[in-house]
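All remarks here apply to the structure that follows.
Quantities reported herein were computed from a predicted structural model and do not represent experimental measurements. Letters A, B, ... mirror the listed sequences (proteins, then strands); counts begin at 1.
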Protein chains: 2
Amino acid sequence: MTQSALIESKNAAGHGPASLDSVLGFHIRLAHGAVYRHFTETFAALGLTQKQVSTLWLVAEMPGIAQSELGNRLRMDRATAMSIVSRMQERDFLWRERCPSDGRKQLLHLTDAGKKALEEAKACIEEHERWLKSRFTPDEVKKLVEMLARIHE
Amino acid sequence: MTQSALIESKNAAGHGPASLDSVLGFHIRLAHGAVYRHFTETFAALGLTQKQVSTLWLVAEMPGIAQSELGNRLRMDRATAMSIVSRMQERDFLWRERCPSDGRKQLLHLTDAGKKALEEAKACIEEHERWLKSRFTPDEVKKLVEMLARIHE
DNA sequence: GCTTGATTGTATGCTTCACTAACAAATAGG
DNA sequence: CCTATTTGTTAGTGAAGCATACAATCAAGC
C-alpha cells in the first residue's frame, strides 16, 4: 500500500499522523524485525543470539570490563546482563574474575572457546552486514548510522 | 567511547568490522531498544504495547482486514497475530467476523471501546513521535523513514 | 465429484529478553 | 560508625517470535 504513504500526514482534526506509514517509530520497529530475522537465520548454525554476539564482541574489545559496564554499553539492565553472561559462562565462552580493587564488580574475560566462537560469529556478521548494507550507498550507511546513534545515545 | 567510532573500520586481518560501533545492525538494535523503552513508558498508563497499538491502528485504517493480512503487514506470523488479536478481543477492543465469501478468514473490526482506546493511543503516539523526531530536521526524518523502509520492505 | 495441495485459523509449548522486586556484599561519604 | 549507593544475584512476570500439529476451508486438476 504505497497509497497510504502518499496521504497527507495530518488527519481530519488537523493534528497527529493519519497513517501508520507516517510513524517513524513504526518503521524502526519493522526494520529491526527484518534485521532480527535475518540475523537469526544467519546465526542459527552457530546457536548465538544478537545479545550473545555483542556481549562476546564487547568483552573481546574491552577485556576485564565489569558486568555492569557491559550492561550500560549494550543497554541491558543488571538482570538481563546477568542472564546473558551466565549462559555464556555455562557454555565456557567467558569467565568472571572478582575485581581486586572493588569487590562488588565481576570482571569479564573471553575463554579460548569464546574467542573462537567470536571469530566464527564475525564471519557471519560480515555476511549479515553485506546483506543489510547492500541497499545503501556508503554515504547513506554513514548517515544512517549517525542518525541511529542520535536515537540511542 | 567515541574513540572506538574513530578506529579504522577494518581489522588487522584486513577484513571485517573492527569495532561494534561500525556494525549497522548493532545501531539498529540499540535504536530500537531506546524507542521501545520510551514507548513502553509513554504507554504504561494505557496498558498497550507497540504490537497492540499498531494492530488497532491498522484495523481502524482497514476495517474488515483478515487476520492473515494483518500479520503480513505487521510482519507477524500467524501464531503471533493470533495471540495479539485474541487479547484485543478479550479486552473488547475488536471483534472477529467469519468472512462470508471465504470461510477460512476472520475479518477484524474495532469496537467502540477499541476506537476510543486508539484515539487515546494516538495522542500518546504524537508525544512519542515528538520525542523521537526532536533530534532530526524534517528532511532527515523523511530520509530516515525512507531508508528504514528499504530495510523492511 | 473427488482428490490433492495450499491457505487460514487455532492451540500448545519453547525460547529470548526486558522488567520488577527483593536481598546480600562491597564501597563511598558524611 | 552509620547511611546511601553500587553491583551482583535470584526469582518471577510478561511480551513476543517461532515451530509444530491439527482442523476447516478453498482452489485446481483429473
Between [X] ([atom1]) and [N] ([atom2]), how many Å, whole number?
X      : N      : atom1 : atom2 : result
A:N72  : D:dT7  : CG    : C1'   : 11 Å
B:E41  : C:dA18 : CD    : C1'   : 13 Å
A:R78  : C:dA26 : CZ    : C1'   : 14 Å
B:L107 : D:dT25 : CG    : P     : 15 Å
B:L94  : C:dG9  : CG    : C1'   : 15 Å
B:D102 : D:dA23 : CG    : P     : 20 Å
A:M82  : C:dA18 : CE    : P     : 16 Å
A:E90  : D:dT10 : CD    : P     : 11 Å

Could you tell me the separation between the CD atom of A:E61 and the CG atom of A:L118, rounded to the nearest 0.5 Å?
->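 It is 9.5 Å, given to the nearest 0.5 Å.
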Determine: side-chain N/O of [X] to OP1/OP2 of [N], distance under 4.0 Å, yes or no.
X      : N      : value
B:Q106 : C:dT10 : yes
A:Q67  : D:dT9  : yes
A:R87  : C:dT16 : yes
A:K105 : C:dT27 : no
B:T40  : C:dA18 : no
B:R96  : C:dT10 : yes
A:R37  : C:dT16 : no

**Prompt:** Hey, which of B:Q106, B:K105, B:R96 is the one that makes side chain to side chain donor-acceptor pair (under 3.5 Å) with B:Q67?
**Reply:**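 Testing each of B:Q106, B:K105, B:R96 against B:Q67, the sole residue satisfying side chain to side chain donor-acceptor pair (under 3.5 Å) is B:R96.
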Worksheet entry | Sugar-phosphate, base or nothing in reach of A:R75, heavy atoms under 4.0 Å |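 The residue A:R75 makes no contact with any strand.
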Q. What does B:T49 touch in the nucleic acid at a heavy-atom separation under 4.0 angstrom: a base, only the sugar-phosphate, or nothing?
A.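 The answer is sugar-phosphate, as B:T49 gets under 4.0 Å only of primed atoms, P, OP1 or OP2.
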Can a donor-acceptor pair be found, under 3.5 Å and without considering hydrogens, that links the side chain of B:Q52 to the backbone of B:T49?
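Checked: pair present.
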Under the 3.5 angstrom rule, does the side chain of A:H152 hit a backbone N or O of A:L148 as a donor-acceptor pair?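 The answer is yes, because a donor-acceptor pair under 3.5 Å joins these two groups.
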(Q) From C-beta outward on B:K51, which listed nucleotide comes closest to its side chain: D:dA16, C:dC17, C:dG9? (A)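 My answer, after comparing the listed nucleotides, is D:dA16.
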Check your understanding: Among the nucleotides C:dA18, C:dA26, C:dG9, which one has an atom lying closest to any side-chain atom of A:R104?
Key ->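 The listed nucleotide nearest to A:R104's side chain is C:dA26.
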**OP:** Hey, which sits more toward the 5' end of DNA chain C by its nearest nucleotide, A:D77 or B:S86?
**Re:**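 In this pair, the answer is B:S86.
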Side-chain ion pair, A:R135 and B:E153, N-O less than 4.0 Å
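B:E153 and A:R135: not salt-bridged.
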Original post:
When the nearest nucleotide of DNA chain D is assigned to A:A79 and to A:G33 on a heavy-atom basis, which residue is associated with the more 5' position?
Top reply: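 First, find each residue's nearest nucleotide; the 5'-ward one identifies A:A79.
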**Study point:** Parallel, tilted or perpendicular: rings of B:H128 and B:F39 (30°, 60°)
**Key:**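 B:F39 vs B:H128 ring planes: perpendicular.
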